[in-house]
Amino acid sequence: TPGLLVRHDNSFQPGHILRVTAQYYNQVCMERYSVLVNGSSPGPELRLQEGKVSWIRVYNDMEDLNVTMHWHGLSAFTAPFSDGTPMASQWPIAPGHFFDYEVRPEVGYAGTYFYHSHVGFQAVTAGGALIVESAQPSPYKYDEERIIALSDFFAKTDEEIEDGLTSTNFSWSGETGAVLVNGQGRLTTNATGSCKLAAISVEPGKTYRLRFIGETALSFVSLAIESHDLFEIIEADGHYTKPVKTSYLQISSGQRYSVLLKAKTEAELQKLGSRQFYFQLTTLGRPAVLTTFAVLEYPSPIATDLTTVPATPPLPIANITYGWMDYALEPYYSDLNFPTAAEVTRRIIINVHQNVSSYIVWLQSGYDWMETFPKSPYLVDVYEGKLDLDASYKRAIASGYGFDNQTRLFPAKMNETLEIVWQNQGAVTTGGLENHPFHGHGRHFYDIGGGDGLYNLTENEKRLNGTHPVTRDTTVLYAYRTKTKALTPSGWRAWRVRVTNAGVWMMHCHILQHMVMGMQTVFAFGDQTAIRAQSGPVDKGYLTYGGSAYGNATYYPLVQHFFDVPEQTVCSDCN
Ligand SMILES: O=C1O[C@H]([C@@H](O)CO)C(O)=C1O
């Protein structure tokens with residue numbers, strides 16, 4: 001019997017504890033008020049085991065802000081209220097409360113992930129690396145690994161940024177001040193002072209698995225390493241790929257890649273006459289191009305110089321590569337589950353564009369979605385019997401867009417095979433276009449590619465022929481140009497998804513500013529019956545804000561164990 005209620009009193013030991021605070025913090029030698037996990041940005045690195053349940057306790061130690069924690073890329077494998085999307089899959093954790101997330105990474109999903117708050121702009125600082133360890137040895141051999149998490153620095157506070165983006169008196173967040181590596185960096189290429197670049201230490205002759213994590217709020221980054229001009233991609237978004245050689249990476253907010261890097265030998269270092277090399281990171285597709293640095297350092301009798309920024313970048317300044325690695329990545333392990341075009345039962349074309357009127361918003365199928373839209377979380381409403389997904393489905397089908405504008409849901413039935421096409425269009429009034437890294441919660445989607453103009457099924461089938469699409473959770477809808485005519489198609493990205501995991505799954509642009517400006521959609525997979533059947537009955541403590549599933553300083557929560565049923569229950573089951 002899943003769903004046993006357990007009082008999480010003092011005897012309960014969560015596997016991990018994350019404490020979220022809002023406080024002044026030092027980054028790039030500037031003080032900024034921000035939301036942190038365990039007092040730092042990035043927060044602690046979490047390691048979970050493939051196939052095993054992890055309980056992660058998240059304390060909201062803030063006075064006046066809600067929080068949720070999302071396990072980016074793992075969300076199909078959480079208990080019903082554990083995906084961490086506010087007002088979609090759970091009531092957010094109220095100030096002074098805590099919530100125990102139950103996360104079970106599925107076998108086959110060992111790889112590189114991250115966690116982050118899903119509330120407002122908090123994820124700019126509130127997040128950290130999440131590695132799912134495999135029960136099996138890696139198919140690739142490497143000596144050691146290093147995590148390289150990229151994030152952005154903004155001088156404005158989250159509140160100023162959110163207010164600016166959502167008020168009639170629109171004001172942009174500003175562009176990123178610096179792209180940071182593991183939370184470290186300097187404001188501009190020629191900044192002076194003692195502020196240090198991040199150092200990634202390696203030893204001569206060893207092979208490293210570099211795990212790159214796109215934890216940026218905004219930045220789409222092209223990245224290369226001085227004198228180390230060839231590495232091999234072996235993982236994308238949690239899945240091993242066949243090896244692909246490349247001289248640079250292009251990584252958006254929400255994406256992860258692992259690459260193998262062969263460190264120079266002692267002899268090669270002698271020849272090069274250097275023991276430190278720059279990582280060069282350039283932002284793409286924004287009005288301002290920013291180039292920032294980190295350092296790859298080898299053991300040296302002379303301390304590595306982390307305060308000098310090269311006056312001239314050692315590598316050429318990168319440009320965007322449209323369709324980078326599209327149709328090129330293939331799964332390492334053969335995957336027979338890829339749905340062909342003939343298997344697609346419904347194609348949902350989602351037109352996305354910016355609308356400039358009294359507010360500046362991003363619309364999908366004509367509507368924005370903000371966490372302020374629902375009065376209560378969809379998933380809660382399903383269990384309360386207040387949300388009729390069959391009626392919503394009928395309205396969505398009748399609309400011709402697969403979208404129900406009453407609930408602002410994209411509802412789907414179990415066992416449908418969806419093709420979801422994100423279609424970029426010029427902004428209303430300005431014709432402006434941008435690149436958007438679209439992220440899908442729930443089970444990973446098959447990425448069937450992207451291109452310029454308008455999606456053309458026949459043309460894309462030709463390109464797909466003979467390739468083996470990979471499953472991803474974040475891929476980029478490119479713009480191809482910065483301007484076109486209002487509502488004119490310019491760029492598309494398409495996914496295929498088998499509807500097998502009942503639940504409420506967000507699909508959204510991972511740029512935090514764009515999310516705040518409405519660039520989010522919510523899919524409901526399965527109707528009420530399917531969702532309830534998957535979880536079994538749920539406790540009422542999940543159905544109200546601050547309910548009894550949420551603990552506080554004087555109250556131990558009543559938590560349902562959906563996967564991890566304590567032993568005594570198994571025993572009472574037998575009776
Ligand atoms: O969403 C955005 O809004 C601004 C601009 O389009 C409106 O000023 C910008 O640069 C974005 O990426």
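Order of appearance sets the numbers: ligands from 1, and atoms from 1 within every ligand.
With Y367 as the partner, the ring-ring contact (aromatic ring centres under 6.0 Å, His included) test is satisfied by one option alone out of Y401, F410, F403: F403.
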Name each donor-acceptor pair under 3.5 Å that joins a side chain in residues 309-319 to protein atoms two or more places apart or in another chain, with its distance.
none

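Residues that satisfy the ring-ring contact (aromatic ring centres under 6.0 Å, His included) test with H97, not counting sequence neighbours, are absent from this structure.
In summary, the atoms of ligand 1 found under 4.0 Å from a heavy atom of Q354, numbered by their order in the structure, are 1 (O), 2 (C), 3 (O), 6 (O). Counting the atoms of ligand 1 from 1 in the order shown, those under 4.0 Å from a heavy atom of F170 are 3 (O), 7 (C), 8 (O). The atoms of ligand 1 that sit less than 4.0 Å from any heavy atom of M517 are 1 (O), 2 (C), 3 (O). Numbered from 1 in the order shown, with element, the atoms of ligand 1 that lie under 4.0 Å from a heavy atom of W362 read 1 (O).
The closest protein non-hydrogen atom to atom 12 (O) of ligand 1 is E434 OE2, 2.6 Å. Ranking the protein heavy atoms by distance from atom 10 (O) of ligand 1 puts R286 NH2, 2.8 Å first.
For the pair R472 and F445, the NZ or CZ position fails the cation-pi test of under 6.0 Å to the six-membered ring centre and within 45 degrees of the ring normal. Geometrically, R463 engages Y327 in a cation-pi contact defined by less than 6.0 Å to the ring centre and at most 45° from the axis.
Between the side chain of H514 and the backbone N or O of L512 there is no donor-acceptor pair closer than 3.5 Å. Remark: the backbone N or O of T430 is paired with a side-chain donor or acceptor of K483 at under 3.5 angstrom.
At least one N/O-N/O distance between H514 and ligand 1 falls below 3.5 Å. Residue W172 has no N or O atom closer than 3.5 Å to an N or O atom of ligand 1.
Residue contacts with ligand 1 for Q513 are absent, since no atom lies close enough (heavy atoms, distance under 4.0 Å).
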